[in-house]
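Keep in mind that what you see is a predicted model, and the values were worked out from it rather than measured.
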Amino acid sequence: MSVLVLGGAGYIGSHTVYELIDAGRDVVIVDNLLTGFKAAVHPKAKFYEADIRDRKAMDEIFEKENIEGVIHFAACSQVGESMSQPLKYYDNNLYGTMVLLQSMVAHGVDKIVFSSTAATYGEPERVPILESDRTEPTNCYGETKLSMEKMMKWVSHAHGLRFVALRYFNACGAHRSGKIGEAHNPETHLIPLILQVPNGQREKIMVFGDDYATPDGTCIRDYIHVTDLAQAHILALDYLLKGGENNVFNLGNGVGFSVREVVDCARKVTGHPIPEEMAPRRAGDPAQLIASSEKAMKVLGWKPQYNDLETIIATAWEWHRTHPHGFEEV
Ligand code: UFG
């Protein structure tokens, strides 16, 4: 039987496919290649270029393939864009998931692991954040992900589907092989943007706000390596295959780093001075997001391997240094 990975040509999806194939699993990928890259598709995976909103295409895939479970990454994920184009997020993230679930229910496929986000919490009531804490998203991206969790809950109630929602904190780093890594267009994430400076593609990094209530005034985030996220998806799928109940897990290292600390660490890794410049706050940024991932460790047996920021940034640097234009050939 195969694992169906939706969005398997994207950043976290492609890394999960690499880990699944290393673990000897058969993988079928569906990706519409709007933000994913064909070059990120593992050569041993079976690939369909299709959109999860296309019911006919999804039905055909479920009829043709022998799917034991679904891992769902196929969504839009830019916070800023979600605020200016909310309907794009409702369409791709919510409507897309609705069509997918309709097709899964029709074909008796009843296990799904999917990408949720720390953005479901909004401004946290405390750190580290527990899964049971208040969820009040401050942006449309987080809202659609929280709604996806709720959609799964009701579909589970009615049709017996079982799901695991994985709430990622700040995904970063690249695969140890150097073959795949982070590539967004446009890039909005802190670590790839910082690394554009030593790569000669940017003069300096803008620091969005230094007046937050944190020790150095810049925002604190919990940076988690993409391969550790990938492993958590496999553990979550196996948990469902063994009969595990619906569940929600945070995935982070449980340690926060400020924007300034991340820039400093990148200077150390790359040996480049990386100039920084203060800029106004970015709308919708909470001051601090740090995960408690105790639950994932206890219930899934998850143990992040990359818990050191320097090592994490070194894997990202290796990828960006050798692939300055990501998967695009220039
Ligand atoms: N930042 C800068 N300068 C930049 C880019 C980012 O100072 O040029 C700051 C941001 O203001 C933020 C921190 O660096 O304080 C991290 O920003 P990212 O854009 O890398 O990541 P976010 O924390 O905003 O968002 C990420 C994912 C979202 C997800 C969220 C959950 O991109 O999809 O984590 O915590 F919802």
Side-chain angles (χ1 to χ4, degrees), residues 1-8 12-13 16 19-20 25 30 52 58 62 67-75 77 90 93-122 124 128-137 141-169 171 224 228-252 291-304:
M1 294 190 87
S2 304
V3 179
L4 176 61
V5 181
L6 309 170
I12 307 174
T16 302
E19 296 307 309
L20 282 164
R25 314 285 274 258
V30 169
I52 59 165
M58 294 313 297
F62 281 116
I67 303 298
E68 61 178 345
V70 175
I71 308 185
H72 175 25
F73 299 96
S77 64
Y90 279 90
N93 298 3
L94 272 175
Y95 174 68
T97 299
M98 185 193 85
V99 174
L100 163 69
L101 294 181
Q102 285 170 336
S103 188
M104 285 178 67
V105 168
H107 294 87
V109 178
D110 62 356
K111 294 166 203 74
I112 180 165
V113 175
F114 74 101
S115 316
S116 188
T117 169
T120 54
Y121 295 108
I129 303 170
L130 292 173
E131 290 83 351
S132 51
D133 286 355
R134 181 188 62 202
T135 46
E136 227 171 81
Y141 165 66
E143 187 73 48
T144 58
K145 288 285 175 169
L146 187 60
S147 303
M148 281 165 65
E149 293 188 6
K150 291 180 180 172
M151 191 190 298
M152 302 271 173
K153 181 183 83 173
W154 294 112
V155 174
S156 172
H157 195 68
H159 302 289
L161 171 117
R162 282 180 298 123
F163 71 90
V164 168
L166 298 175
R167 292 180 180 161
Y168 319 148
F169 282 63
I224 179 77
D228 285 326
L229 292 180
Q231 290 297 347
H233 290 77
I234 301 180
L235 292 168
L237 182 65
D238 289 341
Y239 159 89
L240 289 176
L241 289 168
K242 281 186 232 142
E245 288 305 311
N246 297 340
N247 229 324
V248 178
F249 299 101
N250 286 339
L251 298 177
S292 162
S293 302
E294 297 292 317
K295 189 176 161 193
M297 292 176 187
K298 203 166 146 214
V299 178
L300 299 178
W302 184 57
K303 199 171 178 305

Inset, instruction - Go through the steps for Val113 and Val70 under the test side-chain contact (heavy atoms from CB on, under 4.5 Å), then give the verdict. - result: CA-CA 6 Å; Val113 175; Val70 175; over 6 Å; no
Could you grab the distance from atom [atom1] of [X] to atom [atom2] of [Y], nearest 0.5 Å is fine?
X: Met148; Y: Thr120; atom1: CE; atom2: OG1; value: 11.5 Å
X: Glu131; Y: Glu294; atom1: CD; atom2: CD; value: 9.5 Å
X: Leu237; Y: Leu20; atom1: CG; atom2: CG; value: 7.5 Å
X: Ser292; Y: Ile129; atom1: OG; atom2: CD1; value: 9.5 Å

Inset, instruction - Any salt bridge (charged side-chain N to carboxylate O under 4.0 Å, His left out) involving residues 155-166? Give me the pairs, sequence neighbours left out, ordered by first then second residue. - result: none
List for me each residue that meets side-chain contact (heavy atoms from CB on, under 4.5 Å) alongside [X], sequence neighbours excluded, and say none if there are none.
X: Pro137; answer: Glu143, Leu146
X: Ala291; answer: Phe169, Asp222, Asn250, Ser293
X: Leu235; answer: Leu300, Trp302
X: Ala75; answer: Asn93, Lys145

Could I get the full list of salt bridge (Lys or Arg N to Asp or Glu O under 4.0 Å) partners for [X], not counting sequence neighbours?
X: Arg25; value: Glu68, Asp238
X: Asp133; value: Arg126
X: Glu149; value: Arg167
X: Glu19; value: Arg176

Test item: [X] and [Y] side chains (from C-beta on) under 4.5 Å apart, heavy atoms:
X: Met297; Y: Phe249; result: no
X: Leu229; Y: Ile224; result: yes
X: Asp228; Y: Leu251; result: no
X: Phe114; Y: Phe163; result: yes
X: Ile71; Y: Leu4; result: no

Legend entry - Ala74 versus Gly7, closest heavy-atom pair with distance: CB-N, 3.9 Å
Inset, instruction - Check Ala171 against Ile12 and note the closest heavy-atom contact, atom names and distance. - result: CB-CD1, 3.8 Å
Inset, instruction - Answer yes if the side chains of Thr97 and His72 hold a donor-acceptor pair under 3.5 Å, and no otherwise. - result: yes
Legend entry - Polar side-chain atom of Tyr239 near backbone of Val164 as donor-acceptor pair, under 3.5 Å: no
Inset, instruction - Answer yes or no: is there a donor N or O on one side and an acceptor on the other, between the side chain of Thr117 and the main chain of Ala119, under 3.5 Å? - result: yes
Tell me which donor-acceptor pairs under 3.5 Å the side chains of residues 99-109 have, and how far apart each pair is, sequence neighbours excluded?
residue, atom, partner, partner atom, Å
Ser103, OG, Asp59, OD1, 2.6
His107, ND1, Ser103, O, 2.8
His107, NE2, Glu63, OE2, 2.9

Give the table of side-chain donor-acceptor pairs shorter than 3.5 Å for residues 151-160, with sequence neighbours excluded, one pair per line with atom names and distance.
residue, atom, partner, partner atom, Å
Ser156, OG, Leu161, O, 2.7
Ser156, OG, Asn246, ND2, 2.8

Inset, instruction - State which residues pass ring pair (Phe, Tyr, Trp, His ring centres under 6.0 Å) with His233; sequence neighbours excluded, sorted by chain then number. - result: Phe73, Tyr168
